[in-house]
Student: 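The structure's right below; bear with me while I get my questions together.
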Amino acid sequence: MKSSFSIDLLIQLLQKATLHAVPPMTLSISQAYPSNPYPILISCLLSLRAQDKVTLPVSLKLFSRAHTPEQMLLLSIEDIESIIRPVNYYKTKAALLHSVSADLLNRFAGKVPSSKDELMSIKGVGLKTTNLVLAEAFGIPAICVDVHVHRISNRLGIIATDTVEQTEQALQIVLPKKYWIEWNRLLVMLGQTMCTAQSPFCSKCPLVDVCDRFGVFKHR
DNA sequence: AAAACGGGGGC
DNA sequence: GCCCCAGTTTT
């Protein structure tokens with residue numbers, strides 16, 4: 001990032017840039033199921049290596065049948081498979097939803113835990129899912145590093161990292177804590193629209209004055 | 001460190 | 001039709 005710009009100004013520009021973008025899936029889910037962390041966790045698992053536009057309608061369809069671990073276990077794995085078929089790895093994910101729901105009942109009284117260690121201890125729940133659940137389901141400041149956050153944080157030049165773990169650590173130092181949750185939302189929205197992995201639409205991006213990679217990268 | 005785990009969407 | 005997308009576990 002060019003030195004004359006602050007993080008606060010960067011956030012303002014990002015808010016403008018993503019004002020009319022489709023919000024991340026977890027926001028839609030939390031509106032449909034207020035203060036219920038379970039649908040957030042399940043939709044995060046469904047969205048692994050998939051895109052929100054595919055996963056969101058499938059998630060809503062699934063939650064109309066089951067939005068608690070108890071209800072999920074009443075469905076057979078075959079039932080879940082048929083509901084979530086449009087998403088990738090649907091057979092693996094149907095089994096995963098079953099095992100995660102059973103684990104929640106066995107170890108956590110059917111409640112989604114709200115600590116990083118407990119979430120990470122659930123098989124199938126990794127670092128990205130853990131941080132997204134902490135932030136979006138519990139409002140706990142967490143930096144959720146998916147490929148968008150990793151790519152764009154580096155592209156902007158505010159950090160220089162190789163792995164998502166390094167990115168999480170670096171952003172904790174660079175970003176004021178009040179922005180930790182919003183950073184993920186903003187960068188996901190920007191990444192899904194203009195700041196794409198290949199040939200990003202830099203000519204339409206309101207961040208050209210800030211971005212270290214403008215002119216370096218092949219863009220449209 | 002590298003592989004395996006498959007579906008939809010854009011053009 | 002072809003190329004793009006995108007975490008976690010396992011080997």
Side-chain angles (χ1 to χ4, degrees), chain A residues 18 21-29 37 39-62 77-104 107 112-113 115-137 142-155 161-171 183-204 217-220:
Chain A
T18 59
V22 178
M25 172 176 62
T26 46
L27 286 185
S28 307
I29 298 292
I40 304 248
L41 171 61
I42 295 300
S43 65
C44 288
L45 295 175
L46 280 176
S47 75
L48 292 180
R49 274 182 81 75
Q51 296 157 92
D52 284 3
K53 55 191 164 200
V54 178
T55 318
L56 178 58
V58 174
S59 296
L60 293 174
K61 192 172 170 184
L62 175 64
I77 293 184
E78 291 75 19
D79 289 336
I80 302 177
E81 283 179 7
S82 71
I83 297 171
I84 69 171
R85 173 150 308 147
V87 306
N88 55 353
Y89 315 117
Y90 68 92
K91 287 184 179 173
T92 306
K93 286 176 177 176
L96 178 64
L97 298 196
H98 236 247
S99 69
V100 167
S101 300
D103 202 16
L104 289 180
R107 297 168 54 211
V112 177
S115 81
K116 182 167 184 170
D117 287 346
E118 288 173 319
L119 284 166
M120 292 287 290
S121 77
I122 301 172
K123 185 164 291 191
V125 177
L127 187 60
K128 183 241 178 178
T129 303
T130 291
N131 282 325
L132 198 51
V133 168
L134 288 177
E136 300 296 346
I143 295 169
C144 171
V145 183
D146 64 359
V147 288
H148 296 300
V149 175
H150 180 63
R151 177 182 69 252
I152 303 176
S153 296
N154 280 282
R155 216 174 248 181
T161 56
D162 293 323
T163 68
V164 294
E165 291 84 1
Q166 291 170 8
T167 297
E168 188 187 333
Q169 294 302 312
L171 286 177
W183 188 254
N184 173 65
R185 296 177 185 158
L186 292 171
L187 264 54
V188 166
M189 288 188 280
L190 189 73
Q192 287 175 346
T193 54
M194 52 192 100
C195 196
T196 51
Q198 285 92 23
S199 44
F201 295 88
C202 298
S203 59
K204 301 229 170 100
F217 226 75
K218 192 174 182 182
H219 63 277
R220 287 178 271 178

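The shown structure was predicted, so the numbers you read here are calculated from the model rather than taken from an experiment. In what follows, chains are A, B, ... by sequence order, proteins preceding strands, each numbered from 1.
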Student: In whole angstrom, what separates A:Asp52's CG from C:dC5's C1'?
Tutor: 12 Å
Student: Base, sugar-phosphate or nothing for A:Leu127? Non-hydrogen atoms, less than 4.0 Å.
Tutor: sugar-phosphate
Student: Does some side-chain heavy atom of A:Leu45 sit less than 4.5 Å from a side-chain heavy atom of A:Val125?
Tutor: yes
Student: Would you tabulate the pairs of protein nitrogen or oxygen atoms and nucleotide nitrogen or oxygen atoms of nucleotides 7-11 of chain B closer than 3.5 angstrom?
Tutor:
none

Student: Nearest nucleotide by nearest heavy atom, which residue falls closer to the 5' end of DNA chain C, A:Gly124 or A:His148?
Tutor: A:His148
Student: Using atom P of each nucleotide, how far apart are C:dT11 and B:dG6 to the nearest Å?
Tutor: 15 Å
Student: Which is true for A:Val125 with a 4.0 Å heavy-atom rule: it touches a base, it touches only sugar-phosphate, or it touches nothing?
Tutor: sugar-phosphate
Student: Expressed in whole Å, how much space separates the P atoms belonging to C:dC4 and B:dC5?
Tutor: 22 Å
Student: What's the gap between B:dC11 and C:dA6 when it is taken at their P atoms, as a whole Å value?
Tutor: 15 Å
Student: Applying side-chain contact (heavy atoms from CB on, under 4.5 Å) to A:Met120 and A:Lys116, what does each step give before you reach the verdict?
Tutor: CA-CA 6 Å; A:Met120 292 287 290; A:Lys116 182 167 184 170; 4.3 Å; yes
Student: Runs of at least three consecutive Watson-Crick or G-U pairs, both distances under 3.5 Å, are what I'm after; which ones involve DNA chain B?
Tutor: B:1-5 with C:7-11, B:7-11 with C:1-5
Student: Could you go through residues 54-61 of chain A and list every donor-acceptor pair under 3.5 Å that involves a side-chain atom there, pairing it with any protein atom two or more places apart or in another chain?
Tutor:
unit_1  : atom_1 : unit_2  : atom_2 : d
A:Thr55 : OG1    : A:Gln51 : O      : 2.9
A:Ser59 : OG     : A:Thr55 : O      : 2.9

Student: Between the side chain of A:Asn131 and the main-chain N/O of A:Ile143, is any donor-acceptor distance below 3.5 Å?
Tutor: yes
Student: For C:dG7, does OP1 or OP2 lie under 4.0 Å from any side-chain N or O of A:Ser47?
Tutor: no
Student: Nearest to the side chain of A:Gln198, which nucleotide is it out of B:dG6, C:dT8, C:dC5?
Tutor: C:dC5
Student: Are any of A:Thr92's side-chain N or O atoms less than 4.0 Å away from OP1 or OP2 of B:dG6?
Tutor: yes
Student: Could you state the CE-P distance from A:Met25 to C:dG7, rounded to the nearest angstrom?
Tutor: 11 Å
Student: Does anything in residues 82-103 of chain A form a salt bridge (charged side-chain N to carboxylate O under 4.0 Å, His left out)? List the pairs, not counting sequence neighbours.
Tutor: A:Asp103-A:Arg107
Student: Please determine whether side-chain contact (heavy atoms from CB on, under 4.5 Å) holds for the pair A:Leu62 and A:Leu46, giving the CA-CA distance in whole Å, both sets of side-chain angles, and the decisive distance to 0.1 Å.
Tutor: CA-CA 10 Å; A:Leu62 175 64; A:Leu46 280 176; 4.0 Å; yes
Student: Mind checking what makes salt bridge (Lys or Arg N to Asp or Glu O under 4.0 Å) contact with A:Arg151, not counting sequence neighbours?
Tutor: none
Student: Looking at residues at least two apart in the chain, or sitting in another chain, which of them share a salt bridge (Lys or Arg N to Asp or Glu O under 4.0 Å) with A:Glu81?
Tutor: none
Student: Do A:Tyr90 and A:Ser82 make a side-chain contact, defined as non-hydrogen atoms from C-beta onward lying under 4.5 Å apart?
Tutor: no
Student: Could you tell me whether the phosphate oxygens of B:dG6, OP1 or OP2, come under 4.0 Å of any side-chain nitrogen or oxygen in A:Lys93?
Tutor: no
